[in-house]
Amino acid sequence: AVNLNNYSDIWFMEKTTKRGKEKWTKPELLTDAATKFNDGAVTFNGRFSEMYMTQCNGLDGKGENCMIYSMKRVGKSWIIQDPVDFCKSDSGHFYGHPALSDDGMQMFFSSDREGGYGGFDIWVSNYTKRGKTWSDPINLGPAINTTGNEYYPYINVHDKMLYFSSDGWPGAGGLDIFKIKPTEDITIWEKRTNLQTPMNSGGDDLGITFNTEDANSGYFSS
């Protein structure tokens, strides 16, 4: 959503159930994560005690690119921390669309950093408990990444597959959503599947998420 300053902010809604019917509350601004500039896609760890968000232009508005910032839950509030390590050391490239694995030890994201296949690629960084740092990113390889653009990675806890959006593989047109199965080697993946219609269209089909309690329902943007 866009606020009156014409910058994107993070909003939230709560789902309530009355008389067996589900209903969403009105959107509320997540003020703890609202910087004066562009705030975007987020991901949470399994305990919802940590959040990572895409923030563009920097907290002071002087940054030219986007970075992934960590946030810590303190009571009922969120406190913005520093950008993750690999972003701070490479401020000349775009980093965004973070997605944590279920155990919180891997972070998948989209970036145009050097060493990719062209455009934006999907990368992964591993968390090191001893040093409490995120490792140098690893490119997920040519089964996923193309000379086009790959965005919005998402790990589905039900089927353990990686979902992502790409305009580099054949599809219905524009960005399409794909899913792919991992192997023990993070750079080698099994068969890639286009989600087909009605999920994918001639326009851009982007992020997807599944309900944690129901493997057969979720949401996607298009």
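Sequence positions, counted from 1, serve as the residue numbers for this chain.
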remark   = Residue pairs passing the salt bridge (Lys or Arg N to Asp or Glu O under 4.0 Å) test with at least one member in residues 38-63, sequence neighbours excluded, are Glu50-Lys72
Hey, what do you get for [atom1] ([X]) to [atom2] ([Y]), rounding to the nearest 0.5 Å?
{"X": "Trp11", "Y": "Lys26", "atom1": "CH2", "atom2": "NZ", "value": "12.0 Å"}
{"X": "Asp204", "Y": "Tyr152", "atom1": "CG", "atom2": "OH", "value": "9.5 Å"}
{"X": "Met107", "Y": "Trp134", "atom1": "CE", "atom2": "CH2", "value": "4.0 Å"}
{"X": "Ile208", "Y": "Tyr154", "atom1": "CD1", "atom2": "OH", "value": "8.5 Å"}
{"X": "Asp205", "Y": "Leu175", "atom1": "CG", "atom2": "CG", "value": "8.0 Å"}
{"X": "Asp112", "Y": "Cys66", "atom1": "CG", "atom2": "SG", "value": "9.5 Å"}

For residues [X] and [Y], determine if any side-chain heavy atom of one lies less than 4.5 Å from a side-chain heavy atom of the other.
{"X": "Phe37", "Y": "Gln55", "value": "yes"}
{"X": "His93", "Y": "Asn65", "value": "no"}
{"X": "Tyr52", "Y": "Met71", "value": "no"}
{"X": "Trp78", "Y": "Met51", "value": "yes"}
{"X": "Met67", "Y": "Thr54", "value": "no"}

To check you understand the geometry: which heavy-atom pair defines the closest contact between [X] and [Y], and what is its length?
{"X": "Phe109", "Y": "Ser111", "result": "CE1-CB, 3.8 Å"}
{"X": "Pro142", "Y": "Tyr117", "result": "CD-OH, 3.1 Å"}
{"X": "Ser201", "Y": "Ala172", "result": "O-CB, 3.3 Å"}
{"X": "Asn156", "Y": "His158", "result": "OD1-N, 3.0 Å"}
{"X": "Pro153", "Y": "Ala99", "result": "O-CB, 3.2 Å"}

If hydrophobic clusters are built from ILVMFWY residues whose side chains come within less than 4.5 Å, do [X] and [Y] share one?
{"X": "Ile10", "Y": "Phe12", "result": "yes"}
{"X": "Ile155", "Y": "Ile180", "result": "yes"}
{"X": "Val124", "Y": "Phe178", "result": "yes"}
{"X": "Val42", "Y": "Leu206", "result": "no"}
{"X": "Leu140", "Y": "Ile138", "result": "yes"}

request  = Please collect all ring pair (Phe, Tyr, Trp, His ring centres under 6.0 Å) contacts where either partner lies in residues 188-222, sequence neighbours excluded, each pair once.
outcome  = Tyr163-Phe210
Contacts of type side-chain contact (heavy atoms from CB on, under 4.5 Å), residue [X], not counting sequence neighbours:
{"X": "Asp214", "result": "Asn211, Asn216, Ser217"}
{"X": "Lys23", "result": "Thr16"}
{"X": "Ser135", "result": "Ser125, Asn126"}
{"X": "Asp136", "result": "none"}

remark   = Contacts of Glu22 meeting salt bridge (charged side-chain N to carboxylate O under 4.0 Å, His left out) (sequence neighbours excluded), chain-then-number -> Lys15
Trace of the side chain to side chain contact (heavy atoms under 4.5 Å, CB included) decision for Trp24 with Glu14 = CA-CA 6 Å; Trp24 289 96; Glu14 292 187 47; 5.8 Å; no
inquiry  = Which residue is it: Asp82, Val84, Ile80? I am looking for the one with a side chain to side chain contact (heavy atoms under 4.5 Å, CB included) to Tyr69.
reply    = Ile80
Qualifying residue for side chain to side chain contact (heavy atoms under 4.5 Å, CB included) with Met53, from Thr43, Thr35, Ile68 = Thr35
inquiry  = Quick one, Phe108 with Ile186, criterion side chain to side chain contact (heavy atoms under 4.5 Å, CB included). Give me CA distance, side-chain angles, the key distance, then yes/no.
reply    = CA-CA 11 Å; Phe108 296 84; Ile186 196 64; 4.2 Å; yes
request  = Using the side chain to side chain contact (heavy atoms under 4.5 Å, CB included) rule, take Lys132 and Tyr127 through it: C-alpha gap first, then chi angles, then the decisive distance, then the call.
outcome  = CA-CA 7 Å; Lys132 295 183 178 180; Tyr127 188 71; 3.3 Å; yes
Ring centroid separation Tyr95 to Phe86 under 6.0 Å = yes
ask   = Would you say the ring centroid of Tyr151 lies under 6.0 angstrom from that of His97?
value = yes
Listed by chain and number, what are the side chain to side chain donor-acceptor pair (under 3.5 Å) partners of [X], not counting sequence neighbours?
{"X": "Asn57", "value": "Asn38"}
{"X": "Thr193", "value": "none"}
{"X": "Asn45", "value": "Ser49"}

request  = Could you walk me through whether Leu30 and Glu28 pass side chain to side chain contact (heavy atoms under 4.5 Å, CB included), step by step?
outcome  = CA-CA 6 Å; Leu30 184 59; Glu28 295 182 53; over 6 Å; no
ask   = With no hydrogens and no angle check, is any side-chain donor or acceptor of Arg73 less than 3.5 Å from a backbone partner on Gly75?
value = yes
task = Measure from the side-chain N and O atoms of Asn200 to the backbone N and O of Ile177, and report whether any donor-acceptor pair falls under 3.5 Å.
result = yes
query = How about Glu184: does its CD atom have over 12 heavy atoms from other parts shown lying under 6.0 Å from it?
reply = no
ask   = Take atom CD in Glu190; do more than 12 heavy atoms of anything else shown fall under 6.0 Å from it?
value = yes
Show me the side-chain donor-acceptor pairs of residues 143-150 shorter than 3.5 Å, one per line, residues at least two apart or across chains.
unit_1 : atom_1 : unit_2 : atom_2 : d
Asn145 : OD1    : Ile122 : N      : 2.7
Asn145 : ND2    : Ile122 : O      : 3.1
Asn145 : ND2    : Asn139 : OD1    : 2.9
Thr146 : OG1    : Gly148 : N      : 2.9
Thr146 : OG1    : Glu150 : OE2    : 2.7
Asn149 : OD1    : Phe120 : N      : 3.0
Asn149 : ND2    : Asp167 : OD2    : 3.4
Glu150 : OE1    : Thr146 : N      : 3.1
Glu150 : OE2    : Ser166 : OG     : 2.7

remark   = Residue pairs passing the side-chain hydrogen bond (donor to acceptor under 3.5 Å, both in side chains) test with at least one member in residues 170-183, sequence neighbours excluded, are Asp176-Asn194
